[in-house]
Enquirer: 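Here's a structure for you.
To find a chain, count down the sequence lines: A is the first, B the second, and so on, and within it residues start at 1.
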Number of protein chains: 2
Amino acid sequence: MSEKIKSPNCEICAFRSVLFNSLGIDGLGKMNTCKDQFRFKKGEVVCHEGDPIESIIYVHKGLIKLHKRISENQSQIISIARPFNFVGLLSVFTKTEFFYSITAIEDSSVCFIKKDCVLGEIETNGKFALDIIRRMSRITDDILESKFALSKKNLRGRIAHILLDFSENIYKTNEFELPVSRREIAELIDMRTENVIRIFSEFRKDGIIKINGHMIEIINPEMLQRVSSAG
Amino acid sequence: MSEKIKSPNCEICAFRSVLFNSLGIDGLGKMNTCKDQFRFKKGEVVCHEGDPIESIIYVHKGLIKLHKRISENQSQIISIARPFNFVGLLSVFTKTEFFYSITAIEDSSVCFIKKDCVLGEIETNGKFALDIIRRMSRITDDILESKFALSKKNLRGRIAHILLDFSENIYKTNEFELPVSRREIAELIDMRTENVIRIFSEFRKDGIIKINGHMIEIINPEMLQRVSSAG
DNA sequence: GTCACTTTATGATAAATATCATAATTTATG
DNA sequence: CATAAATTATGATATTTATCATAAAGTGAC
C-alpha cells in the first residue's frame with residue numbers, strides 16, 4: 001500500500017523555487033498545512049478514474065502515468081509525468097472527478113495539495129495565479145504537441161520518437177530501463193503491442209538499439225533521430 | 001481585408017456575462033479601453049504562425065480554425081473555435097509567438113484584448129484569474145478529449161463523429177452547410193481527402209446523409225451515432 | 001463565356017497496420 | 001521449485017488506409 005511519509009517542509013523542499021516561486025513565506029506556510037506527501041511503489045494506483053478531485057497533485061520523485069480505460073481489455077495512456085510536473089492540474093478546476101487514473105510506473109513520491117487551499121491562494125495572490133496558469137498551459141501544450149507530432153508519424157517513427165523522449169527528456173542518458181511494458185508503449189503511442197515488439201526487434205537488427213529485457217541502449221541516436229523525423 | 005468595426009461597449013455586449021462575469025464595472029471599463037474588434041470574411045487570415053502574441057483573442061461571431069503548416073503542401077487543423085471560445089488563450093501565457101495560424105472559415109467577428117491588460121487584471125482580480133483558468137482548462141480539455149476520441153476510431157467513425165459534432169454542437173440542426181472543404185476535414189481528423197470524399201459517398205449510399213455540395217442533411221442520426229461509436 | 005485551377009468523385013493498386021496463431025521467455029504465486 | 005500467467009517474440013494473413021490515376025463538376029479571373 002501507499003505509504004504516507006513525513007512531509008518535508010515546503011520551505012526546504014528542493015523544488016520549492018521551481019514549484020512555488022511566487023509564494024511568499026506566508027503562502028508557503030499555508031501550503032504546508034494543507035499538503036500531504038505519499039510514496040507509491042511501482043504499479044500502485046495514485047488515483048482511480050471517477051475519484052473526486054480534492055487535491056492538486058505533483059510528482060516529487062519518480063514517474064507516473066495518466067491513463068484511461070477505453071474498453072474491457074484496452075486502455076490508453078494520456079501522458080507520463082515526471083518530477084516537477086503537476087498532474088492533478090489537468091481539469092482540476094473544471095471537473096469534479098478525475099476522468100483518468102494515475103498509476104506509479106516507478107517508485108514515486110507524490111505531493112497532494114488541497115484544491116481549496118490552492119483556489120484560495122489564487123484568489124488572493126495574482127502572481128501565484130499567473131504561475132499556475134503558465135504551468136497549466138505548459139502541461140497541456142506539451143501533451144497536445146506530442147500527440148500532434150505522433151499522429152503524423154508511422155509506426156517506426158513513433159517508436160523512435162518515444163525512445164528519444166525517454167532518453168533525452170527523462171533519463172538523459174543513452175542507456176536506461178524502460179519504465180513501461182511494450183503493451184503500455186502501445187497504449188501511449190496508439191499502436192498494437194505486437195508491432196511495438198516487432199519494431200524494437202527491427203531497430204535491434206538495424207543496429208540502432210540494444211535490448212536486454214527492459215534495458216535499452218541507444219547505440220545510434222543519429223539514425224534514431226532520422227527515423228523519427230522521416231516517419 | 002479585415003475591417004475594424006465600431007467596437008461595441010463590453011458593458012452591452014451580449015456575451016458579457018459569459019465572458020467576463022467576474023469583472024466588475026471597473027474591470028469591464030478597463031477591458032474596453034484595450035480591446036479591438038474586427039470583422040473577417042470567410043478565408044481571411046486572423047493571425048499567422050510566428051506572429052507575436054500580443055492579444056487574447058475570442059470569437060464573437062462566426063467560426064475560425066486554428067491550423068499549422070506541417071510541410072510544403074500539408075497542414076493540420078488543431079481545432080475549430082466558435083462563438084464564446086477564446087482562441088488566443090492557447091499558449092498565450094507561455095509562448096511569445098503563435099505556433100499556429102488562425103483563419104476565418106465563416107464571416108466572423110473577433111475581439112482582441114491586449115495581453116498586458118489581461119495579465120494586469122489577473123494579478124489584481126483573483127476571481128477573474130480563476131475564471132481565465134477555468135476557461136483555459138475547458139478549451140484544452142475539449143481539444144484533448146476530441147483528439148483522443150478520434151484517434152481510436154476508424155475512418156467511418158471519424159467522419160461520423162465530426163458530422164455529429166457540427167450538427168449537435170455548432171449548428172444545432174440536422175441540415176447545415178459545411179464551413180470547410182473535404183480537404184480541411186481530412187486535416188482536422190487526420191485522414192486523406194480522397195477517403196473523406198469516399199466515406200461521404202458511402203454514407204449517402206447507406207441513406208445516412210444527403211449531400212448537396214457543402215450542404216449536408218443528416219437523415220439518420222441514430223445510425224450515424226452507431227457508426228461513430230462502433231468505429 | 002472560356003480557360004485555368006481547384007474541388008469532388010471513383011476505381012485500381014500498393015503500402016501500412018491489425019489480427020490471428022504459436023512458441024519462447026520472463027514474472028508472479030503458492 | 002513448480003506451475004500458472006503474463007510478456008516478449010515472430011510469422012502468416014486479413015483488413016484498413018494511402019497512393020496513384022483519371023474524370024467530372026464547380027469556381028474564379030479575365
Side-chain angles (χ1 to χ4, degrees), chain A residues 41-44 70-77 103 105 150-163 177-206 209-216 227-228 230-231, chain B residues 41-44 70-77 103 105 150-163 177-206 209-216 227-228 230-231:
Chain A
K41 289 211 185 311
K42 181 175 176 139
E44 282 185 335
I70 51 173
S71 74
E72 185 62 36
N73 46 9
Q74 268 210 316
S75 64
Q76 185 172 46
I77 297 181
T103 303
I105 55 177
L150 282 169
S151 77
K152 288 293 158 196
K153 292 181 194 290
N154 65 19
L155 300 192
R156 284 173 65 90
R158 277 182 242 169
I159 294 287
H161 178 105
I162 202 75
L163 286 176
E177 187 177 351
L178 277 179
V180 287
S181 67
R182 312 290 195 263
R183 181 195 176 120
E184 287 173 303
I185 291 177
E187 289 169 355
L188 178 61
I189 61 181
D190 210 20
M191 50 190 282
R192 290 298 149 147
T193 308
E194 295 96 314
N195 286 329
V196 173
I197 293 165
R198 213 183 301 273
I199 288 165
F200 270 46
S201 295
E202 286 179 22
F203 284 1
R204 180 174 42 72
K205 286 171 197 156
D206 294 345
I209 60 175
K210 278 187 184 158
I211 306 175
N212 186 352
H214 278 203
M215 285 302 301
I216 300 286
V227 174
S228 171
Chain B
K41 291 215 185 309
K42 179 173 178 142
E44 282 185 336
I70 52 174
S71 74
E72 184 62 36
N73 47 9
Q74 268 210 316
S75 65
Q76 186 172 45
I77 296 182
T103 303
I105 55 178
L150 282 169
S151 77
K152 286 295 157 193
K153 293 181 194 290
N154 64 21
L155 299 192
R156 284 173 63 90
R158 276 183 243 169
I159 293 288
H161 178 105
I162 202 74
L163 286 177
E177 187 177 351
L178 277 179
V180 287
S181 68
R182 313 291 195 260
R183 180 192 177 124
E184 287 173 302
I185 291 177
E187 289 170 355
L188 178 61
I189 60 181
D190 209 19
M191 50 191 279
R192 290 299 151 147
T193 308
E194 297 96 315
N195 287 327
V196 173
I197 292 165
R198 214 183 301 272
I199 288 166
F200 269 45
S201 295
E202 284 177 25
F203 284 1
R204 180 174 44 71
K205 286 171 197 155
D206 294 345
I209 60 174
K210 277 187 183 158
I211 306 175
N212 187 352
H214 278 204
M215 284 303 299
I216 300 286
V227 174
S228 171

Enquirer: Give, ordered by number, those residues of residues 194-203 of chain A having at least one heavy-atom distance below 4.0 Å to an atom of DNA chain D; if nothing qualifies, reply none.
Expert: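 Per residue number, the list reads E194(A), I197(A), R198(A), S201(A).
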Enquirer: Without swapping roles, check the side chain of Q74(A) against the backbone of S71(A) for a donor-acceptor pair under 3.5 Å.
Expert: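 No: the side chain of Q74(A) does not pair with the backbone of S71(A).
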Enquirer: If only side-chain N and O atoms of R192(A) are considered, is one of them under 4.0 Å from the OP1 or OP2 phosphate oxygen of dT19(C)?
Expert: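 Answer yes for this pair, as a side-chain N or O of R192(A) is under 4.0 Å from OP1 or OP2.
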Enquirer: Return no unless some side-chain N or O of H214(B) is found under 4.0 Å from OP1 or OP2 of dT7(C).
Expert: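 No, H214(B) has no side-chain N/O under 4.0 Å of OP1/OP2 on dT7(C).
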Enquirer: Take the protein atom CD1 of I159(A) and the nucleotide atom P of dT8(D), then report the distance between them rounded to whole Å.
Expert: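 After rounding, the reported distance stands at 12 Å.
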Enquirer: Is the shortest side-chain N to carboxylate O distance from R198(A) to E202(A) below 4.0 Å?
Expert: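 Looking at R198(A) and E202(A), the cut-off is not met.
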Enquirer: Could you state the interatomic distance from CG (N154(A)) to OG (S228(A)), rounded to the nearest 0.5 Å?
Expert: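 With rounding to 0.5 Å, CG (N154(A)) is 10.0 Å from OG (S228(A)).
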Enquirer: Send over the distance from D190(A) CG to dT17(D) C1', rounded to a whole Å.
Expert: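 In whole Å, dT17(D) C1' and D190(A) CG are 14 Å from each other.
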Enquirer: Please determine if a side-chain N or O atom of R182(A) lies less than 4.0 Å away from the OP1 or OP2 oxygen of dA9(D).
Expert: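 Checking dA9(D) against R182(A), a side-chain N or O does come within under 4.0 Å of OP1 or OP2.
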Enquirer: Roughly, in whole Å, what's the span from CG in L178(A) to P in dT7(D)?
Expert: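 Rounded to the whole Å, the gap is 14 Å.
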Enquirer: Atom CZ of R156(A) to atom P of dT17(C): distance rounded to whole Å?
Expert: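 Taking atom P of dT17(C) as the reference, CZ of R156(A) is at 11 Å.
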Enquirer: Whole-Å distance between dT25(C) P and M215(A) CE?
Expert: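 Value for this atom pair: 21 Å.
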Enquirer: What distance separates L163(A) CG from I185(A) CD1, expressed to the nearest 0.5 Å?
Expert: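 Nearest 0.5 Å value for the CG-CD1 distance: 6.5 Å.
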Enquirer: Examine distances only and state if a side-chain atom of R158(B) and a backbone atom of K153(B) form a donor-acceptor pair shorter than 3.5 Å.
Expert: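 Checked: pair present.
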Enquirer: What is the distance from NZ of K153(A) to C1' of dT17(D), rounded to the nearest Å?
Expert: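 Spelled out: NZ on K153(A) to C1' on dT17(D) is 20 Å.
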Enquirer: Rounded at 0.5 Å granularity, tell me how far CD1 in I189(A) sits from OG in S151(B).
Expert: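 Here the interatomic distance stands at 12.5 Å.
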Enquirer: Measure from CZ on R183(A) to C1' on dA9(D) and round the result to the nearest Å.
Expert: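 Those two atoms, CZ and C1', are 16 Å apart.
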Enquirer: F203(B) and R156(B): which non-hydrogen atoms are nearest, and at how many Å?
Expert: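 Heavy-atom minimum between the residues: CZ-O, 3.5 Å.
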Enquirer: Quick one: K152(A) NZ to dT17(C) C1', roughly how many Å, whole number?
Expert: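 Rounding to the nearest Å, NZ of K152(A) and C1' of dT17(C) are 17 Å apart.
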Enquirer: Is R204(A) near enough to dT10(D) that one of its side-chain N or O atoms lies under 4.0 angstrom from OP1 or OP2?
Expert: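 R204(A) to dT10(D) OP1/OP2: side-chain N or O found under 4.0 Å.
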